[in-house]
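The structure displayed is predicted, hence computed values, not measured ones.
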Amino acid sequence: MAEKIERKLFLTGASGLLGRSIHRTFKEAGWTVFGVSLSRTGPELQKLDLTDFGAVSAAIIKFKPTLIIHSAAQRFPDKVSADPEGARRINVDATFHLAETADKYDIPLLYISTDYVFDGRNPPYKVEDKPNPLNDYGKLKLEGEEIVKAANKENIILRVPVLYGPVEKLSESAVTCLLEPLLNVAKPTKVSDYEKRCPSHVDDIAEICLNMAVFRFDHNDLDISGVFQWCGSETLTKFQMVQIMGEVFSLPHAHLSKTPDSSNGNTQSVNRPYDTQMDRSRLESKGIGKHTVFASGIRSALAAWVS
């Protein structure tokens, strides 16, 4: 009987919305996980500043991972615009060092990217379609993609849509934050019925990452390299998401009105793409993929927040 090979994951952004799910999913699958975070550390996480390149290299050399998943990023477009230099340090500079280190020690890197690399004008987007980001967040993530590809053609890029799941605060996700105006019945609020999104539950993305790792390492499938994409199979506006939340939790939503543009009654400082639906066929052709129905996923994610 062949001896089981220990699989080891070095995970950045392990305290984040997606990172927490990836950490749990890989650990439950028997992987040894070295999860790093900076501001929100926990008992199973290691405090590490990804811009301290010497410390990052030392941690990777000591841990000797089978795979690196880079999920850490400044992923809020408005925060990227407010602090472009800080966003570049984590979204580009840290990515460059991780990719360089991974290549030096022959460790595959899985880079979590975004649907915001597209302009939203001609969906659904195939993996080979030319990106055209509209804002600085999308531009920095695209720059990260190019860095990862240039470091090693066998690295993996996974573009994902807006994500939701069990949150530590409602503002942690652009989806779950919609519960706040829904609960505040005393305040009439406008909600955008314009931009179309295909939200995914973080557990779906974590399972996809794990399945890609299984194909790559257990089945020696080197076709698990390059660019992959996943998004939910339901296309929803913010207003439609709020409507579903209201129905799921039997909450009144007459105080909410839809606006046929992206403003939400305010002026947005950052341009956002209209419809970022992505083609999933490259993953689906391998039997990889998972979609949690939004109503079910949002019920489990927000039940604790609805008294």
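Minimum interatomic distance between Ala72 and Thr12 (heavy atoms only, all atoms of both residues): N-OG1, 3.1 Å. Closest approach of Leu67 to Pro108, counting heavy atoms only: CD1-O, 3.4 Å. Taking every heavy atom of both residues into account, Arg216 and Leu222 meet most closely at NE-CD2, 3.6 Å. The heavy-atom pair separating Val202 from Gly165 by the smallest distance is CG2-CA, 4.0 Å.
Following chains of ILVMFWY side-chain contacts shorter than 4.5 Å, one can reach Leu251 starting from Trp305, so the two form part of one hydrophobic cluster. Val227 and Ile224 fall into different hydrophobic clusters, defined by Ile, Leu, Val, Met, Phe, Trp and Tyr side-chain heavy atoms under 4.5 Å apart, directly or through other members. Cluster annotation: Ile112 is not connected to Val117 through the hydrophobic network of ILVMFWY side chains, with a link wherever side-chain heavy atoms come within less than 4.5 Å. When hydrophobic clusters are built by joining Ile, Leu, Val, Met, Phe, Trp and Tyr residues whose side-chain heavy atoms come closer than 4.5 Å, directly or via intermediates, Leu163 is grouped together with Ile288. Both Val242 and Leu179 are part of a single hydrophobic cluster, where members link through side-chain heavy atoms under 4.5 Å apart.
For the pair Asp203 and Arg24, the salt-bridge criterion is met [side-chain N within less than 4.0 Å of a carboxylate O]. Of the charged side-chain nitrogens involved, at least one lies within less than 4.0 Å of a carboxylate oxygen, so that Arg282 and Asp223 count as a salt-bridged pair. Salt bridge Arg272/Glu195: absent, no basic N to carboxylate O contact under 4.0 Å. The pair Asp218-Arg7 meets the salt-bridge criterion, since a charged nitrogen lies less than 4.0 angstrom from a carboxylate oxygen. By the 4.0 Å N-to-carboxylate-O rule, Arg88 lies too far from Glu85 to be salt-bridged with it.
Atoms OG and CD1, from Ser225 and Ile156 in turn, are 7.0 Å apart once rounded to the nearest 0.5 Å. In this structure, CG in Asp83 is found 11.5 Å from CG in Asp136, a value given to the nearest 0.5 Å. To the nearest 0.5 angstrom, Glu247 atom CD is 13.0 Å from Ile298 atom CD1. The structure places CG of Asn211 at 10.0 Å from OG1 of Thr25, a figure rounded to the nearest 0.5 Å. Atom CG of residue Asp204 and atom NE2 of residue His291 lie 7.5 Å apart, to the nearest 0.5 angstrom. Here the SG-CZ distance, from Cys231 to Arg197, works out to 11.0 Å after rounding to the nearest 0.5 Å.
Using a distance-only test at 3.5 Å, with no hydrogens or angles considered, a donor-acceptor pair links the side chain of Asn91 to the main chain of Gln74. Asn155 places a side-chain N or O within 3.5 Å of a backbone atom of Val148 that can act as its donor or acceptor partner. Checking side-chain atoms of Lys8 against main-chain N and O of Phe63 turns up a donor-acceptor pair under 3.5 Å. In this structure, the side chain of Lys47 engages the main chain of Leu38 through a donor-acceptor pair within 3.5 Å. With hydrogens and angles ignored, the 3.5 Å screen pairs no side-chain donor or acceptor of Ser171 with any backbone N or O of Cys177. Remark: the backbone N or O of Lys187 is paired with a side-chain donor or acceptor of Thr189 at under 3.5 angstrom.
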Subject >> Residue pair Ile22, Leu9: steps toward the side chain to side chain contact (heavy atoms under 4.5 Å, CB included) verdict >> reply: CA-CA 10 Å; Ile22 292 175; Leu9 172 65; 4.0 Å; yes

Subject >> side chain to side chain contact (heavy atoms under 4.5 Å, CB included) between Ile244 and Met241, worked out >> reply: CA-CA 5 Å; Ile244 293 172; Met241 292 182 209; 5.8 Å; no

**OP:** Please step through side chain to side chain contact (heavy atoms under 4.5 Å, CB included) for the pair Glu128 and Asp279, ending with a clear verdict.
**Re:** CA-CA 10 Å; Glu128 62 269 18; Asp279 177 81; over 6 Å; no

Subject >> CA sep, side-chain torsions, deciding dist, call: Ile60, Leu98, side chain to side chain contact (heavy atoms under 4.5 Å, CB included) >> reply: CA-CA 9 Å; Ile60 291 172; Leu98 276 171; 3.8 Å; yes

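Crowding of Phe76 atom CZ: a count of heavy atoms from other residues, nucleotides or ligands under 6.0 Å exceeding 12. A 6.0 Å sphere centred on NZ of Lys286 holds more than 12 heavy atoms belonging to other residues, nucleotides or ligands. Within 6.0 Å of atom NZ in Lys149, more than 12 heavy atoms from other residues, nucleotides or ligands are found, so the atom counts as buried in its surroundings.
Qualifying side-chain contact (heavy atoms from CB on, under 4.5 Å) partners for Lys104, counting only residues two or more places apart in sequence or in other chains: none. Partners of His97 under the ring pair (Phe, Tyr, Trp, His ring centres under 6.0 Å) rule, at least two apart in sequence or in another chain, are Phe53.
Tyr125 and Phe118 have parallel rings, their planes meeting at less than 30° on a 0 to 90° scale where 60° marks the start of perpendicular. Using a 30° and 60° split on the angle between ring planes, Phe217 and Trp31 fall in the perpendicular class, above 60°. Between Tyr164 and Phe294, the two ring planes are perpendicular [angle over 60°; tilted spans 30° to 60°].
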